[in-house]
Amino acid sequence: MAHDQSAQQARAQEQPANDQPAPSRLEPSGQRPARPGGPSPLDEAFAVARKDGRAVLVGYLPAGFPTVDRGIAAMRAMVAAGVDVVEVGLPYSDPTMDGPVIQDAADTALRGGVTTRDVLRTVEAVAETGAPTLVMTYWNPVERYGMEAFAADLAAAGGAGAITPDLPPEEAGPWLAASATHGLDPVFLVAPSSTTERLRLVTAHSGGFVYAASTMGVTGARAAVGVKAAGLVARVREVTDLPVAVGLGVSTGAQASEVAGFADGVIVGSALVRALAADARDGAYGVGAIERLAVELAAGVRSATA
């Protein structure tokens with residue numbers, strides 16, 4: 001039986017990342033279990049930035065776009081250009097939070113046959129740079145892989161944690177326990193609509209930082225960052241000492257500077273994906289566009305005044 005279960009798990013881990021099993025409800029959880037050891041890689045990244053008087057720059061790209069190896073090269077180039085923390089997206093065919101730019105990139109990766117193992121290989125290659133590296137994933141692929149196996153393999157790859165946008169913390173008891181066992185930070189999201197009670201619940205279960213969605217809706221670069229972002233950050237700080245990073249909408253150095261003036265971290269996704277798509281269209285194995293944008297964003301974060 002053990003051999004059969006291992007074989008089944010191995011087959012699941014090689015399945016394309018868009019397989020969609022029926023979701024299962026997790027048991028309600030209490031307080032987040034304590035992680036072993038000292039400060040996590042995310043704790044250290046935010047502490048260093050705080051000492052330097054600036055915010056952390058977090059960059060997102062989906063694994064496997066435009067190919068696994070080119071995606072790795074782009075993420076490593078982002079780090080060299082000044083990105084402090086990397087989010088590796090696990091492509092999924094039924095996203096609830098992603099805008100069209102990220103959806104298109106994920107579709108390209110899925111058509112190319114990207115698997116969860118490819119995502120973990122990407123994490124390992126990026127983590128080798130020394131930048132804390134997270135996976136951003138919907139919950140179904142984690143269940144498909146096997147929750148405990150995913151936590152163990154993510155940690156073995158050097159991953160710092162995971163952002164799970166469709167897993168509410170009150171249903172995340174087993175995942176919180178697995179994250180604590182393997183030294184991973186569980187990152188949850190808050191939104192402008194979150195009540196104070198909700199903010200307390202989410203932050204009590206979060207590790208590393210709190211992901212503050214600056215505007216309601218799906219991801220995507222915008223001409224202006226959500227006007228409620230600064231207020232949301234202030235509300236989160238009233239209930240937790242965790243760093244607060246703002247995402248959804250940042251696309252320029254000027255916007256990065258604006259957000260860095262009131263937040264502990266600036267998250268950029270769609271704009272970086274769009275830059276990598278431009279590099280991919282050029283045909284060469286280059287990352288010039290994404291490097292230039294990362295340099296601009298890093299300069300913006302470092303020029304901000306709180």
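Scope of the values below: all heavy atoms of this structure, side chains included, with no hydrogens, waters or symmetry mates.
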Where do Y92 and N140 come nearest, in terms of heavy atoms and distance?
OH-ND2, 3.0 Å
Contact summary for G253 and L297, nearest pair of heavy atoms:
N-CD2, 4.1 Å
Side chains of E296 and L293 in contact at under 4.5 Å (non-hydrogen atoms)
yes
Minimal heavy-atom distance between A74 and L276, with the atoms involved, is CB-CD1, 3.7 Å
So, do M147 and P174 sit near enough that their side-chain heavy atoms are less than 4.5 Å apart?
yes
Would you call the rings of W175 and F150 parallel, tilted or perpendicular if under 30° counts as parallel and over 60° as perpendicular?
tilted
Check this for me: does any side-chain nitrogen of one of R121 and D69 sit under 4.0 Å from a carboxylate oxygen of the other?
yes
Find out if a path of hydrophobic residues (ILVMFWY) with successive side-chain heavy-atom gaps under 4.5 Å connects Y211 to F262.
yes
Does a side-chain N-to-carboxylate-O contact under 4.0 Å join R198 and E170?
yes
Is V250 close to S270 at the side-chain level, that is, under 4.5 Å between some pair of heavy atoms?
no
Test of ring centre spacing under 6.0 Å for F209 and F46:
yes
Heavy atoms of P165 and Y138 approach each other most closely as CG-CE2, 3.8 Å
If you define the side chain from C-beta out and look only at heavy atoms, does anything of L90 sit under 4.5 Å from M136?
no
Have a look at V246 and tell me which of V58, V233, V236, V210 forms a side-chain contact (heavy atoms from CB on, under 4.5 Å) with it.
V233
Modelled atom types, side-chain donor and acceptor of S251 and Q255, under 3.5 Å:
yes
Between D84 and R54, is the closest basic N to carboxylate O distance under 4.0 Å?
yes
Where is the tightest heavy-atom contact between I290 and L272, given as atom of each residue plus distance?
CD1-O, 3.6 Å
Pairwise side-chain contact, F188 with T164, heavy-atom cut-off 4.5 Å (strictly under)
yes
Candidate list T116, T115, D153, test side-chain hydrogen bond (donor to acceptor under 3.5 Å, both in side chains), partner Y145, passing option
D153
Does the side chain of D264 come within less than 4.5 Å of V56's, by heavy atoms?
no
E291 and M78, any side-chain heavy atoms less than 4.5 Å apart
no
How far apart are the closest heavy atoms of P243 and R50, and which atoms are they?
CG-NH2, 3.9 Å
